[in-house]
Peer 1: 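My questions will all concern the structure given below.
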Amino acid sequence: MSQTKKATAVAPSNIAFVKYWGARDLERVVPENPSVSMTLSTCVSRCTVEHLPGETGEHEIRWRPGTGAGLETPPPAFSERIRAHLDRLRDHFDCGGRFRLATENSFPAAAGLASSASGFSAVTLAVTGALGREVDGAERSDLARRSGSGSASRSVFGGYVRWPGDGLTGHTGDDSTCPAVQILPASHWNLRDVIALVESGPKEVSSLDGHRRARTSRHFEARLTHLPRRFDAVCRALEARDFEAFGREVEAEAIELHTIAMTSEPPIYYWKPATVAVLEAVRHLRRAGMPAWSTMDAGANVHVICEPESEDAVAERLAEVPGVVQVIRDGVGDGPKTFTDPASDEHLF
Ligand code: DP6
């Protein structure tokens, strides 16, 4: 087997400031609204893929719990989703054969830390690398999106990323593409993400079900009406590095996502008592003059966004909140990396 048939990709998770919640076309992963996120650097998925060109049969998929994992077995439906994505990529590249794949996370999977975003971005990049294909950013992003994890389309870029990259019109056809685009590099603003982990197991309701139910909330239409203004405000604040304007919108946005979830039919309650305690601790920090703002994805954990000078104090405070099991320090990063060094991940197989 030639050495170029194997590659390893390390792809980070991302935290959305304006969230993807609800889809125009869930099957084709076309969102109702544009989202904008920051790609992280510490919370990553590492995936090695080997292409076996002459072979037929099932792909081999290995899951490694990884250093920070809370799951000893893959999240529900994980293997089926990976398998389907490998089939999709094989069709796209028309390469035949089958794949051996091993993947692990540096953080707890399926607990609202966007493990699908990093995971599917890593799988997409590792397959592309193993096949030795030249693929531009837009195609990589679009391929990652087709995994079914819309947020994965953002994780193929570093820094600050919007998805879709252009407007939302014309994205519902059979052959539609809908890639993300980097709007600002990581070097633009060193924002930190101090994550208060209050649960490390899988969440009860997947984002997929959340997207499905979003329209059943009577607040959803109102959200769509004012979201363009919020999206612009967040992008402008990022551009201007205006932390106060940025934080105010981002925290309100996260509360709104959870309001939609809690008022969906049937309702989705992601918060735990410790979630509320962390939100309160962050408000107290602000009152005490420490600029920090909260955001949450579809889970109970809270991402506290701050600037580097506040990071130590924020992390210390969050660790004291009852119910916080771990504090993870992360921040904006440069995006994924792909290696074709044959020895880079022997241990995974
Ligand atoms: C709340 O459909 O991308 O994180 O496949 O579980 O990663 P996963 O979810 P996806 O929805 C993401 C929902 C969100 C908001 C966001 O990241 O934009």
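In each ligand, atom 1 is the first atom listed, and ligand 1 is the first ligand listed.
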Peer 1: Taking the six-membered ring for Trp, is the centroid-to-centroid distance between Phe246 and Trp189 below 6.0 Å?
Peer 2: yes
Peer 1: Let me confirm one number: the CD1-CZ distance from Ile61 to Arg81, rounded to the nearest 0.5 Å.
Peer 2: 12.5 Å
Peer 1: Would Ser118 and Ser13 count as having a side-chain donor-acceptor pair, cut-off 3.5 Å?
Peer 2: no
Peer 1: Does Ser217 use its side chain to pair, donor to acceptor, with the backbone of Ala214 at less than 3.5 Å?
Peer 2: no
Peer 1: Check each heavy atom of Ser207 against ligand 1 and say whether those closer than 4.0 Å belong to the side chain, the backbone, both or neither.
Peer 2: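 Contact part for Ser207 vs ligand 1: side chain (C-beta onward).
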Peer 1: Taking the six-membered ring where the residue is Trp, are the ring centres of His258 and Tyr269 under 6.0 Å apart?
Peer 2: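 No, the ring of His258 stays outside the 6.0 Å limit from the ring of Tyr269, centre to centre.
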Peer 1: Tell me, please: is Ile15 in heavy-atom contact with ligand 1, that is, under 4.0 Å?
Peer 2: no
Peer 1: Give the numbers and elements of all ligand 1 atoms closer than 4.0 Å to a heavy atom of Leu257.
Peer 2: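 Listed by number with element: 1 (C).
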Peer 1: Any sub-3.5 Å donor-acceptor pair from Thr8's side-chain atoms to Thr48's backbone N or O?
Peer 2: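 Not a single qualifying donor-acceptor pair exists.
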Peer 1: Do ligand 1 and Ser151 have nitrogen or oxygen atoms that lie under 3.5 Å from each other?
Peer 2: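 In this structure, Ser151 places an N or O atom under 3.5 Å from an N or O of ligand 1.
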Peer 1: Only heavy atoms of Ser116, strictly under 4.0 Å: list the atoms of ligand 1 that pass.
Peer 2: 5 (O), 6 (O), 7 (O), 8 (P)
Peer 1: Pull out every atom of ligand 1 sitting under 4.0 Å from any heavy atom of His211, numbered as shown with elements.
Peer 2: 2 (O), 10 (P), 11 (O)
Peer 1: Rounded to the nearest 0.5 Å, what's the gap from CZ on Phe157 to OG on Ser141? Could you check?
Peer 2: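 It is 4.5 Å, given to the nearest 0.5 Å.
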Peer 1: Under 4.0 Å from any heavy atom of Ala16, which atoms of ligand 1 are there?
Peer 2: 16 (C), 17 (O), 18 (O)
Peer 1: Would Ser149 count as being in polar contact with ligand 1, using the rule that some N or O on each side must be under 3.5 angstrom apart?
Peer 2: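 There is such a contact, yes.
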Peer 1: Would Leu208 count as being in polar contact with ligand 1, using the rule that some N or O on each side must be under 3.5 angstrom apart?
Peer 2: no
